Amino acid sequence: MFSNLPLRAMEIFVYWYPAVMGMLWILGSLVFYFANERKGSLPLEKTPFVSILMPAHNESRILYPVVKEMVDLNYPEYEVILINDGSSDDTSEVLKDLAIKYDRVRVIDLKENCGKANALYLGLIASKGEILVGVDADSYLDKNALRYLVSHFVNRHNGERVGAVTGNPRVRNRGTLLGKLQLCEYASIISLIKRTQRVLGKVMTVSGVCVAYRKRALMECGFWDRDMMTEDIAVTWKLEKNFWDVRYEPRALCWMLVPETIKGLWRQRRRWSEGGLEVIFRHWDIFKSWKRRRMAPIYLEQVLSFLWSVCWLILTIILITMEIRGHHVITEYIWKSQFLSFICLFQFLIAMWLESRYDKKIFDNSWSVIWYPILYWYINVFIALASIFKAILPNKKLATWKSPDRGVTQTMKEQSASPAKSIDTEELENMLFEPKPKEIEIGLDAKDSEALMKITRREQALTGKSTPEMPLVDGSLENPVIGKDTDKHIEYDTKQVWWKRLIEVILTVLGWLYMVVYWAFMMYGIFRDALGYPVGKLFIYDLEMLRTTEHYFYIMGIVIMIELAAIIIWKEYNRNRFGKKRRRTFKPDTEESEIDDIFELSPELSDRLHHHKYVEILQNPIPEGMGQGRKGKKHKRSKT
């Protein structure tokens, strides 16, 4: 299309980068599945105490049903710490009510809005467990999720090197087009990428909505960055730079809500993009150390993704200008875009097949994926472009948050939520938190829970002892990770008006017709051309474009062979070079005194945070400068 070399290079990059990377994610995820995932979960050899941290900001509407699910998990010893971060609604009253209602629940009520990362700091200080699980306040874990997450930390083979394990978010609100699109996106983009990155050895980011951390690993890497928009991306890189393993566990499901308005989606994705760019600017020093060479591919991939967005915009402007001047280049542009759409939809198909083991209803919403290559893809591009300039400017303030977008799907659990009660705060503040270990029984004849928990996944699957309430912790096909009652998590009842739904359906049908015509002509034309028969023209499609497509598929075949060989070689290199290398040993759990020394807590505040069910904090106690990388090192706080 272009004779100018720089423009030709830009054109090749814009068209081929998504295709090459999409195929890489497909092949990497398949390697992960056949080499690891289908073999089942790791055996749960120990059940250490776990602290679940749930920061909340203006979440009173959703907290009751979420906490009800969180206190009824299939795990013997854990606590749920709810952290109110300066909410302006009645979240504080709801949290007090929950603290009284459930023995497992503790509450930290911070009156300042200091951001999610800051709230996690407070939760970490108060936590009693060495393993911390971060969950968003509008989300809840699946029944067995804790067991799958914890098994990585306690496994006798390299468990000591695990710093974080990220789970598998599942979309609950599927009543709108945006909800369905994000369901498919989490399966085909996010889950596929995490599987591939795990094969390559380094996961770029954990999912903040569902992630488990080792407390000592967080201490070693300097905790979360309070001045960055995405604390989950930032802390992942800090863990990786300190040589802690970050893993992906697809069986650890977390049921979450997603934005269902364009405004809410734009705000969320812009925050993600800004966070990704901030990581690029802050962690470029990985290239200074040869020991961190395995982080280079994911760093370069992040850079290339943003570069692609810029190049796509420039190329699109050039093409529109050429078309206006009468050069007629849009036809070829549309044809190439359809080829990329074909690769994109193939990626969705593979991803949904992998995720269908955990979400039986995912194919019911697959019709909406046609919107991704036609429109949704480009929305994400503009969001990435909009975030570039803001991410470049240094941020010296805490990254605070705003009220979340709950969309238009009315969840049934919200409708049945209890109203907040008026609570005696003084009486609640005097209540102590005394965790009572609770053992669970797996199977019909279980007597010794601890012994049964040490049974390997193979032996466990062979016993066949399970009940609907306490399913076996196994990922095999015979004993799936999820039960048959997953419908209870999914919400379809939408408040969207009927005529908008009708427009959505009509446009979706037209989108599929648009793609089906392309596929039909492509397959029909390639077959006839191979047999030597003439191929006529259909609308904008002709024989020249057909042969160009054949050439593209030939190139993709070569790319697939190269990528598959590279993935397998890299995987074996990582396994042989680093898999058996023991950089660490299991260490004792972090002591409360260690935490107090780091954060310079007063004895009174330390006692309240460690031992009380409810703690009200008027002023943020985290030292100024801590977790603010661009602002400098931690400064000593003045005594008050």
Side-chain angles (χ1 to χ4, degrees), residues 47-57 59-85 87 91-110 116 119-150 153 165 167 169 207-215 218 252-257 413 417-418 420 423 428-429 431-440 489 608-617:
T47 56
F49 192 87
V50 173
S51 297
I52 300 175
L53 313 182
M54 300 184 69
H57 178 72
E59 298 279 9
S60 61
R61 174 181 157 194
I62 195 67
L63 280 169
Y64 278 105
V66 166
V67 175
K68 182 180 179 181
E69 296 285 345
M70 291 298 292
V71 298
D72 190 29
L73 301 179
N74 187 6
Y75 193 84
E77 300 179 53
Y78 71 97
E79 63 180 345
V80 179
I81 303 177
L82 302 170
I83 308 105
N84 178 32
D85 187 60
S87 297
T91 295
S92 179
E93 294 300 314
V94 171
L95 293 182
K96 294 175 187 177
D97 190 20
L98 291 168
I100 292 177
K101 191 174 183 180
Y102 299 110
D103 292 338
R104 292 190 187 274
V105 173
R106 302 171 64 193
V107 171
I108 301 173
D109 192 358
L110 177 64
K116 181 180 178 182
L120 290 172
Y121 272 75
L122 296 175
L124 179 143
I125 295 171
S127 63
K128 294 185 177 295
E130 179 65 18
I131 297 176
L132 310 177
V133 177
V135 181
D136 285 354
D138 62 349
S139 310
Y140 57 84
L141 297 176
D142 200 65
K143 194 85 169 177
N144 290 322
L146 277 185
R147 306 179 64 118
Y148 291 111
L149 293 170
V150 171
F153 293 95
V165 181
S207 295
V209 67
C210 175
V211 56
Y213 301 103
R214 190 188 298 276
K215 189 184 294 184
L218 291 171
L253 307 183
C254 178
W255 298 93
M256 66 175 184
L257 298 177
K413 295 187 178 76
S418 305
I423 307 298
L428 182 57
E429 285 182 329
M431 294 178 63
L432 298 178
F433 177 72
E434 299 176 356
K436 299 177 181 179
K438 173 188 174 185
E439 288 192 347
I440 57 171
H489 304 295
R608 288 167 57 204
L609 285 171
H610 292 313
H611 302 114
H612 286 243
K613 274 183 69 71
Y614 174 82
V615 181
E616 184 178 75
I617 303 176

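Just so it is clear, the values below take in all heavy atoms, side chains as well, and ignore hydrogens, waters and symmetry mates. These figures come from a predicted structure and were not determined experimentally. Along the sequence shown, the residues carry numbers beginning at 1.
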key: Donor on one side chain, acceptor on other, Tyr64 and Asp97, under 3.5 Å   =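 Yes, side-chain donor-acceptor contact under 3.5 Å.
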task = Return yes if a side-chain donor-acceptor contact under 3.5 Å exists between Asn84 and Thr91, otherwise no.
result =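 Their side chains do not contain a donor-acceptor pair, so the 3.5 Å distance test is not met.
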query = Can any side-chain N or O of Arg106 pair as donor or acceptor with the backbone N or O of Ser127 at less than 3.5 Å?
reply =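 Flag not set: sc Arg106 to bb Ser127 has no pair under 3.5 Å.
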query = Does Ser51 use its side chain to pair, donor to acceptor, with the backbone of Gly129 at less than 3.5 Å?
reply =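 Checking the backbone N and O of Gly129 against the side chain of Ser51, a donor-acceptor pair under 3.5 Å is found.
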Heavy-atom pair of closest approach, residues [X] and [Y]:
X	Y	answer
Thr47	Glu77	O-OE2, 4.1 Å
Asp103	Lys613	O-NZ, 3.5 Å
Asn74	Arg147	O-CD, 2.9 Å
Met54	Val66	CE-CG1, 3.6 Å
Ala137	Ala56	CB-CB, 3.7 Å
Ile131	Pro48	CD1-CG, 3.8 Å

For residues [X] and [Y], determine if any side-chain heavy atom of one lies less than 4.5 Å from a side-chain heavy atom of the other.
X	Y	value
Asp109	Val615	no
Leu82	Ile108	no
Tyr140	Met256	no
Phe49	Glu130	no
Val80	Tyr102	no
His610	Ile125	yes
Val135	Cys254	yes
Val107	Lys96	no

inquiry  = Quick test of your reading of the model: are Glu79 and Lys128 salt-bridged, counting only N-O distances below 4.0 Å?
reply    =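 Between Lys128 and Glu79 there is no salt bridge, as every charged N stays at least 4.0 Å from the carboxylate O atoms.
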ask   = Is the shortest distance from a Lys or Arg side-chain nitrogen in Lys143 or Asp72 to a carboxylate oxygen in the other one below 4.0 Å?
value =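 Here Lys143 pairs with Asp72 in a salt bridge, since their nearest N and O are under 4.0 Å apart.
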Return the [atom1] to [atom2] distance between [X] and [Y], rounded to the nearest 0.5 Å.
X	Y	atom1	atom2	value
Glu59	Leu95	CD	CG	10.0 Å
Leu98	Tyr614	CG	OH	12.5 Å
Ile83	Ile81	CD1	CD1	6.5 Å

ask   = Taking the six-membered ring of Tyr78 as reference, does the NZ or CZ atom of Arg104 fall below 6.0 Å from its centre and within a 45° cone about the axis?
value =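 Yes; both conditions hold, so Arg104 lies above the ring face of Tyr78.
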task = Test Leu53 against every option in Val133, Leu120, Val211 by the side chain to side chain contact (heavy atoms under 4.5 Å, CB included) rule and name the one that passes.
result =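 Answer after filtering Val133, Leu120, Val211: Leu120.
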ask   = Leu141 and Cys210: side-chain contact (heavy atoms from CB on, under 4.5 Å), yes or no, with the steps?
value = CA-CA 8 Å; Leu141 297 176; Cys210 175; 3.7 Å; yes
request  = Test side-chain contact (heavy atoms from CB on, under 4.5 Å) on Val50 and Leu149 and set out the steps.
outcome  = CA-CA 10 Å; Val50 173; Leu149 293 170; over 6 Å; no
